[in-house]
Enquirer: 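Please see the structure below; I have some questions.
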Amino acid sequence: MTLSDYVPGNSVIHRLPPGVKIFSLALVGTLLFVFPRLATVMSALGMVVGLYLLAGTGLRIMLMQLKPLLWVLALLFAVQWWIVDWLSGVVLVARLSALLLLAALVTLTTRTTDMIDALERGLFWLRFLHINPAKVSLALSLALRFIPVLAAITAEVHEAQKARGLERSVIAVAIPVIVRTLKMADDIAAALDARAYDPQLKRSGSDAEKARGA
């Protein structure tokens with residue numbers, strides 16, 4: 001299993017409507033930035049750990065979501081400690097960890113097709129602005145699902161540059177990550193073209209069920 005793969009299950013978290021999970025993610029993210037206190041972020045982090053246990057995915061899968069970002073979190077903590085203080089560093093790392101883990105849990109317990117459908121229904125009002133909600137929902141769901149994938153790419157590039165003694169160079173890490181990300185975007189676009197994806201096309205109920213079962 002790779003990061004962000006859907007994990008089949010019948011837990012309470014799996015059975016929650018995708019729209020509820022996406023709205024909860026947005027709400028928690030907003031609250032964590034509005035109330036950036038240690039007690040708040042640690043409570044949120046504890047809640048996320050509990051949700052992973054409730055979903056039946058296990059702590060091992062949860063830790064897999066953070067592993068590629070450990071060096072980034074450590075760097076952010078060090079910078080925040082140097083600029084402000086160590087407590088601010090703890091708050092920053094705990095807040096980012098909670099958000100990343102919660103976003104990963106949404107993708108781990110929600111099929112991509114269900115996520116796209118929920119976002120499209122929730123963004124219906126974009127039609128009044130002459131914006132296709134199907135395209136926006138696809139972009140948002142892909143962005144949410146590939147957050148841990150991008151973290152894994154960053155970790156791989158960092159390890160490769162570390163072997164060359166370039167791990168402290170931001171440019172040496174950033175450029176390969178950008179190149180690989182753009183290539184991944186091209187691959188995804190090619191895959192959508194190969195499958196003749198058309199956001200304007202309304203699928204029948206049987207087609208939607210087949211897509212969800214894929």
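Throughout, residue positions are numbered sequentially from 1 according to the sequence presented.
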Enquirer: Answer with yes or no whether the hydrophobic clustering places Leu25 together with Leu54; edges join I, L, V, M, F, W, Y residues whose side-chain heavy atoms lie under 4.5 Å apart.
Expert: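 Per the 4.5 Å side-chain linkage, Leu25 and Leu54 are co-clustered.
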Enquirer: Please report the closest heavy-atom contact between Phe77 and Trp86, naming both atoms and the distance.
Expert: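 Nearest heavy atoms, Phe77 then Trp86: CE1-O, 3.5 Å.
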Enquirer: Extract all donor-acceptor atom pairs below 3.5 Å that involve side chains of residues 98-105 and protein atoms in other chains or at least two apart in sequence.
Expert:
none

Enquirer: Sequence neighbours left out, what passes side chain to side chain contact (heavy atoms under 4.5 Å, CB included) with Leu87? Give chain and number order.
Expert: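 So Leu87 forms a side chain to side chain contact (heavy atoms under 4.5 Å, CB included) with Leu38, Asp85.
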Enquirer: Are Val84 and Trp82 co-members of a hydrophobic cluster defined by side-chain heavy atoms under 4.5 Å apart?
Expert: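 Per the 4.5 Å side-chain linkage, Trp82 and Val84 are co-clustered.
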Enquirer: Please name all residues satisfying side chain to side chain donor-acceptor pair (under 3.5 Å) with Ser24, sequence neighbours left out, ordered by chain then number.
Expert: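 With neighbours one apart ignored, the set is empty.
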Enquirer: Quick check: closest heavy atoms across Arg95 and Val41, and the distance to 0.1 Å?
Expert: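 Scanning both residues completely, I find the closest heavy atoms to be CB-CG1, 3.9 Å.
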Enquirer: Answer yes or no: is there a side-chain heavy-atom contact under 4.5 Å between Val48 and Val28?
Expert: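 Side-chain contact under 4.5 Å: no.
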Enquirer: Rounded to the nearest 0.5 Å, how far apart are CG of Leu45 and OG of Ser97?
Expert: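 Reported to 0.5 Å precision, the distance equals 6.0 Å.
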Enquirer: Run the side chain to side chain contact (heavy atoms under 4.5 Å, CB included) test against Val179 and tell me which residues pass, sequence neighbours left out.
Expert: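 Only Ile175 meet the side chain to side chain contact (heavy atoms under 4.5 Å, CB included) criterion with Val179.
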Enquirer: Who are the side chain to side chain donor-acceptor pair (under 3.5 Å) partners of Ser43, not counting sequence neighbours?
Expert: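 Testing Ser43 for side chain to side chain donor-acceptor pair (under 3.5 Å), a comparison that skips the adjacent residues, returns none.
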Enquirer: If two hydrophobic side chains count as joined below 4.5 Å and joins carry through other members, does Leu63 share a cluster with Leu51?
Expert: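 Hydrophobic grouping puts Leu63 with Leu51.
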Enquirer: Are Ile13 and Leu27 connected, step by step, through hydrophobic side chains (Ile, Leu, Val, Met, Phe, Trp, Tyr) whose heavy atoms are closer than 4.5 Å?
Expert: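 No, no single cluster joins them.
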Enquirer: Could you tell me the separation between the CD1 atom of Ile22 and the OG1 atom of Thr107, rounded to the nearest 0.5 Å?
Expert: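 If I round to the nearest 0.5 Å, the distance is 11.0 Å.
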Enquirer: Looking at residues at least two apart in the chain, or sitting in another chain, which of them share a side chain to side chain contact (heavy atoms under 4.5 Å, CB included) with Leu76?
Expert: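 Applying side chain to side chain contact (heavy atoms under 4.5 Å, CB included) to Leu76 gives Val72, Leu92, Leu96.
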Enquirer: For Arg37 and Val91, what are the C-alpha separation, side-chain angles and deciding distance, and is it a side chain to side chain contact (heavy atoms under 4.5 Å, CB included)?
Expert: CA-CA 7 Å; Arg37 301 185 180 91; Val91 171; over 6 Å; no
Enquirer: As an exercise, state the distance from CG of Asp114 to NZ of Lys21, rounded to the nearest 0.5 Å.
Expert: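 Between Asp114 CG and Lys21 NZ, I get 8.0 Å after rounding to 0.5 Å.
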Enquirer: Please name the residue in the list Thr110, Leu108, Thr109 that meets the side chain to side chain contact (heavy atoms under 4.5 Å, CB included) test with His14.
Expert: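 Of all the options given, the one that passes is Thr109.
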Enquirer: Which value, rounded to the nearest 0.5 Å, describes the distance between Leu53 atom CG and Leu59 atom CG?
Expert: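 If I round to the nearest 0.5 Å, the distance is 5.0 Å.
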Enquirer: Taking all atoms of both residues into account, what is the closest heavy-atom pair of Met42 and Ala94, and its distance?
Expert: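 Minimum heavy-atom contact is SD-CB, 3.9 Å.
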Enquirer: Quick check: is Leu31 connected to Met47 through a chain of hydrophobic side chains (ILVMFWY, heavy atoms under 4.5 Å apart)?
Expert: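 They do not share one cluster, since no chain of ILVMFWY contacts under 4.5 Å joins Met47 to Leu31.
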